[in-house]
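Model, not experiment: these values are computed from the prediction. So you know, we letter chains A, B, ... as the sequences are listed, proteins then strands, and number each from 1.
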Amino acid sequence: MVRPVRSVLVFGSLAAGFLALAPLAVDPYLLHILILVLMSAVMALSWDLLVRTGQLSLAHAGFFGLGAYASALSCNLLGASWWMSFIAAGMAGGAAALALGIITLRLHGMYFAIATLAFAEVLRTVTLQAKFTGGAVGVTLPAIFGGNRVEAYYLVAVIFVLCLAVSLGLQKSRWGLAFQAIRARQAVAEVIGIDTVKTKLAAFVISSVFPSLMGAFYIHYVTYIIPYEAFSLNTSVSALVMSVFGGIYTTAGPVIGAVVLKILEEYLKSAIVYGYTVIYGLILALVILFMPNGLLGVIRRAAGSGRADQILRWFGGRKRAGVSD
Amino acid sequence: MAVRGQGFRIERGEIVGLIGPNGAGKTTTFNLISGLYYPDAGTIRFKGVDITRRAPHVRCRMGIGRTFQIIQPFENISVLQNVMVGAIFGGRRSGKRPEDTAWEACEMVGLGDRCHSMPGELTAAGLKKMELARALATFPELLLLDEMMEGLTPVESAEVINIIKKVRDSGTAVLVIEHVMRTVRDLSDRVVVMHQGGTLAEGTYGEVVSDPLVIAAYLGEEGEGDTVGHSGH
């Protein structure tokens with residue numbers, strides 16, 4: 001375990017202070033953006049947890065939708081309270097990941113990605129066709145906390161901090177080392193005693209609980225969801241893009257990527273109503289072409305070896321984390 | 001201790017050279033023993049236990065270690081950390097601290113002073129030694145070495161041969177694949193010759209090289225003098 005130096009503690013306290021006090025300082029619209037940013041950060045960071053073992057998943061949308069529906073249906077059909085429905089969502093996501101992982105984690109690269117893509121598509125089709133899910137009409141819920149946005153913000157902030165803690169904890173433990181070894185050289189990892197199946201399965205389950213929680217949060221926050229939105233491929237792709245944009249295999253990278261891209265997206269949406277995706281896509285393409293290590297790589301280079309570097313290093317932001325890629 | 005399969009055994013404290021022409025199945029044998037491949041038929045026993053269906057990491061923790069023909073370092077962590085990965089995951093049953101195990105393994109292969117280097121700063125010989133140390137850090141009772149001497153100078157080879165003999169003398173069974181016959185002669189206590197996936201001959205170096213069957217198998221392929229079989233990947 002790397003002991004945090006003073007600059008890290010100072011930065012951490014400032015960031016925590018900002019998270020805690022932000023709702024007092026911003027208007028409801030900005031608070032809404034902040035909630036979306038934190039949601040994106042959880043989606044990107046949890047997606048990154050799995051890719052650290054070398055597995056590229058497109059199942060995030062599937063878990064997001066699964067969480068949304070598990071939560072909504074346990075409230076509507078079983079009369080669960082919001083927090084019970086969140087637990088149900090997390091457990092449904094974890095159990096689905098375990099089952100899916102046992103079947104698909106022997107697949108590599110493209111094959112695994114396609115299998116996970118199919119998972120989301122199957123769930124969407126089932127949700128569209130089934131009676132108890134409401135079909136194409138979708139599901140509605142009363143707004144969480146009676147529509148109190150500040151309380152909703154604190155809920156998503158708590159989940160974000162939890163995700164951050166899990167990511168840092170994994171990165172600094174033996175699990176992180178095992179992830180890197182599997183990603184870099186799977187055959188070597190196996191013959192030096194790493195249980196690659198169990199490790200990847202654990203990573204997949206942990207990585208899938210968070211999008212399920214985000215799905216539960218989303219339906220409670222916007223009060224309404226349809227299958228096309230719940231299981232949209234866009235959800236998986238944006239988690240991937242934000243991680244790559246910010247800096248893959250790190251804790252800091254996906255968070256930075258989510259903050260920058262979500263704010264950019266919302267700004268472009270309001271500034272260029274028609275065709276903002278063109279500009280958004282162009283910026284993405286340029287960044288990925290010219291910054292192979294993501295935004296984090298650029299920040300690291302600019303930060304040199306000073307205090308900022310210490311902070312980034314501790315938050316899992318090495319230029320190229322860990323082993324070889 | 002025994003490895004059965006194509007029908008040969010290896011005992012604690014001996015070095016067995018595994019030789020044979022290209023495609024004879026030497027590396028496949030390693031993959032079968034270390035568990036990267038599962039056999040379609042037959043059994044593999046280790047210390048009397050049937051391990052045919054055990055996963056590679058289980059076999060590693062039981063005491064089977066190996067290196068690869070093509071070096072496979074973890075490039076972005078130091079030499080010591082590379083070795084420590086082996087100690088952390090494969091060397092648990094020793095009860096020692098992984099740091100200590102890694103240091104000892106590095107010392108054993110003569111990399112004590114290069115511990116804090118990055119793999120990219122090592123020579124080919126240094127990288128081979130690092131991979132050997134990483135395997136040693138898992139406390140193998142059976143060590144499989146796939147072409148350790150490939151690309152090394154004769155001086156470096158002689159040094160690595162001495163290291164391997166030290167490993168053997170500590171009570172480990174060592175199975176080596178080598179294609180330079182002089183290395184096989186200097187290193188092996190016993191030699192197993194493979195041909196077309198089976199065992200063709202077995203015995204001391206002197207016995208197998210004068211075996212008419214072995215000579216026929218090699219002459220049929222290339223007959224290059226001091227190099228037999230396997231000259232590339």
Atom pair OG (A:S208) and CZ (A:F63), whose distance is rounded to the nearest 0.5 Å: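 If I round to the nearest 0.5 Å, the distance is 3.5 Å.
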Among A:T53, A:T199, A:L105, the one residue meeting side-chain contact (heavy atoms from CB on, under 4.5 Å) with A:F204: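 For A:F204, the side-chain contact (heavy atoms from CB on, under 4.5 Å) check succeeds only for A:L105.
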Matching residue for A:I182 among A:V197, A:I194, A:D195 - test: side-chain contact (heavy atoms from CB on, under 4.5 Å):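 Testing each of A:V197, A:I194, A:D195 against A:I182, the sole residue satisfying side-chain contact (heavy atoms from CB on, under 4.5 Å) is A:I194.
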Presence of salt bridge, B:R12 and B:E141, under 4.0 angstrom: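 Counted as a salt bridge, because a side-chain N and a carboxylate O are separated by less than 4.0 Å.
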Proximity of residues 118-126 of chain B to chain A, residues having a non-hydrogen atom under 4.5 angstrom: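 If one takes a 4.5 Å heavy-atom cut-off, no residue of residues 118-126 of chain B lies near chain A.
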Sorted by number, residues from residues 87-110 of chain B in contact with chain A (heavy atoms, under 4.5 Å):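 The list, in residue order, reads B:I88, B:F89, B:G90, B:P98.
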Minimum side-chain heavy-atom gap B:K128-B:I71 below 4.5 Å: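 Contact flag for B:K128/B:I71 side chains = yes.
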Option in B:R134, B:Q72, B:E131, B:R61 with maximal non-hydrogen atom pairs under 4.5 Å from chain A: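 Most heavy-atom pairs under 4.5 Å with chain A: B:Q72.
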Modelled atom types, side-chain donor and acceptor of A:S207 and A:S46, under 3.5 Å: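 No, no side-chain donor-acceptor contact under 3.5 Å.
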Pair A:H60-A:S238, side-chain donor/acceptor within less than 3.5 Å: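 Short answer, no.
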NZ or CZ of A:R185 within 45° of B:F74 ring axis and under 6.0 Å: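 Geometry flag: not set, cation outside 6.0 Å or 45°.
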Ring-face cation of B:R66 near B:F30 (centre distance under 6.0 Å, axis angle within 45°):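 Pair B:R66/B:F30 does not count as cation-pi.
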Salt bridge (Lys or Arg N to Asp or Glu O under 4.0 Å) between A:D48 and A:R52, intermediate numbers included: CA-CA 6 Å; A:D48 191 77; A:R52 289 174 200 171; 2.8 Å; yes
